[in-house]
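The structure appears below as C-alpha cells.
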Amino acid sequence: MRIYMIRICKYLYINILTVIFFCTCYAFGKESFFLVSYFSMFLHELGHLTAALLIGLKPSRISLHPFGVNLRLKRKDIVLNNGDGFSFV
C-alpha cells in the first residue's frame, strides 16, 4: 500500500498522514508541540542538505512523514558517519 504524498514544491512533499496528525494535534490544542517538533526536525535535515550540497550532491526530495522528516539524495556513493568510524556505501 502506497501512502499519498502531497507535493508542496519541486523538492518538498508532505505525507497525508502528517496532515491528519497536525489536524489531530490542532483539535487537542497541541499544535505548538507539532510545529516545534517538525521545525527542529526540518532544521536538522536542512543541515544534511547543506552538507550534501557542499560536497556536490543534489537533493531528490524532502518528505515530511508522521514519524519525522526524510531527505533523499540523487547519488548513493556517499560517506556515512557511523559514530566513531567511517564507512563507504
Side-chain angles (χ1 to χ4, degrees):
M1 182 173 122
R2 186 172 180 176
I3 303 297
Y4 184 70
M5 299 293 287
I6 301 167
R7 184 177 180 177
I8 304 298
C9 62
K10 185 176 180 180
Y11 295 113
L12 184 61
Y13 293 80
I14 187 166
N15 189 306
I16 191 69
L17 295 176
T18 306
V19 175
I20 294 169
F21 181 49
F22 174 74
C23 292
T24 304
C25 288
Y26 183 77
F28 289 100
K30 300 292 183 184
E31 67 276 0
S32 61
F33 169 76
F34 176 89
L35 293 174
V36 169
S37 298
Y38 273 83
F39 182 72
S40 64
M41 289 185 282
F42 192 74
L43 282 179
H44 176 86
E45 289 304 318
L46 283 179
H48 290 291
L49 177 62
T50 302
L53 291 173
L54 287 174
I55 62 172
L57 297 175
K58 304 231 181 207
S60 173
R61 71 171 23 180
I62 297 176
S63 305
L64 294 139
H65 296 279
F67 52 83
V69 181
N70 183 18
L71 170 67
R72 290 188 184 177
L73 301 171
K74 291 185 179 178
R75 290 183 50 187
K76 299 277 184 181
D77 55 340
I78 59 175
V79 178
L80 297 175
N81 181 355
N82 290 332
D84 295 333
F86 288 93
S87 64
F88 291 90
V89 176

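One-based numbering along the sequence shown.
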Problem - Shared hydrophobic cluster for Met41 and Val36 (ILVMFWY, side-chain gaps under 4.5 Å) - result: no
Completion exercise
With sequence neighbours left out, the residues meeting ring-ring contact (aromatic ring centres under 6.0 Å, His included) with Phe67 are His65
Exercise for the section: Using a 4.5 Å cut-off on heavy atoms from C-beta on, say whether the side chain of Phe22 contacts that of Thr18. Expected result: no
Exercise for the section: Report the distance from atom OG of Ser40 to atom CG of Leu35, rounding to the nearest 0.5 Å. Expected result: 11.0 Å
Problem - Non-hydrogen atoms of Asn70 and Glu45 that approach each other most closely - result: C-OE1, 4.4 Å
Practice task
Tell me whether Ile62 is reachable from Ile55 by hopping between hydrophobic residues (I, L, V, M, F, W, Y) whose side-chain heavy atoms are closer than 4.5 Å.
Solution key: yes
Problem - Sub-4.5 Å side-chain heavy-atom contact between Asn15 and Phe21 - result: no
Exercise for the section: Give, for atom CG of Leu17 and atom CE of Met5, the distance between the pair rounded to the nearest 0.5 Å. Expected result: 9.5 Å
Handout entry: Distance, nearest 0.5 Å, that separates OG of Ser60 from NZ of Lys74
Key = 6.5 Å
Handout entry: Closest approach of Ser63 to Arg61 (non-hydrogen atoms, all atoms of both residues)
Key = OG-CD, 3.2 Å
Practice task
Establish whether Tyr38 and Phe33 are linked, either directly or via other cluster members, by ILVMFWY side-chain heavy-atom contacts under 4.5 Å.
Solution key: no
Fill in the blank from the handout: Interatomic distance, SG@Cys23 vs CZ@Phe34, rounded to 0.5 Å, equals 9.0 Å
Practice task
Treating Ile, Leu, Val, Met, Phe, Trp and Tyr as nodes and any side-chain heavy-atom pair under 4.5 angstrom as an edge, say whether Val69 and Tyr11 lie in one connected cluster.
Solution key: no
Problem - Gap separating the OH atom of Tyr13 from the CD1 atom of Ile8, nearest 0.5 angstrom - result: 10.5 Å
Exercise for the section: Indicate if Leu43 and Ile14 have the same hydrophobic cluster label, given that clusters are the connected sets of ILVMFWY residues with side-chain heavy-atom separations under 4.5 angstrom. Expected result: yes
Completion exercise
All heavy atoms of Leu71 vs all of Pro59, minimum pair found to be CD1-CB, 4.3 Å
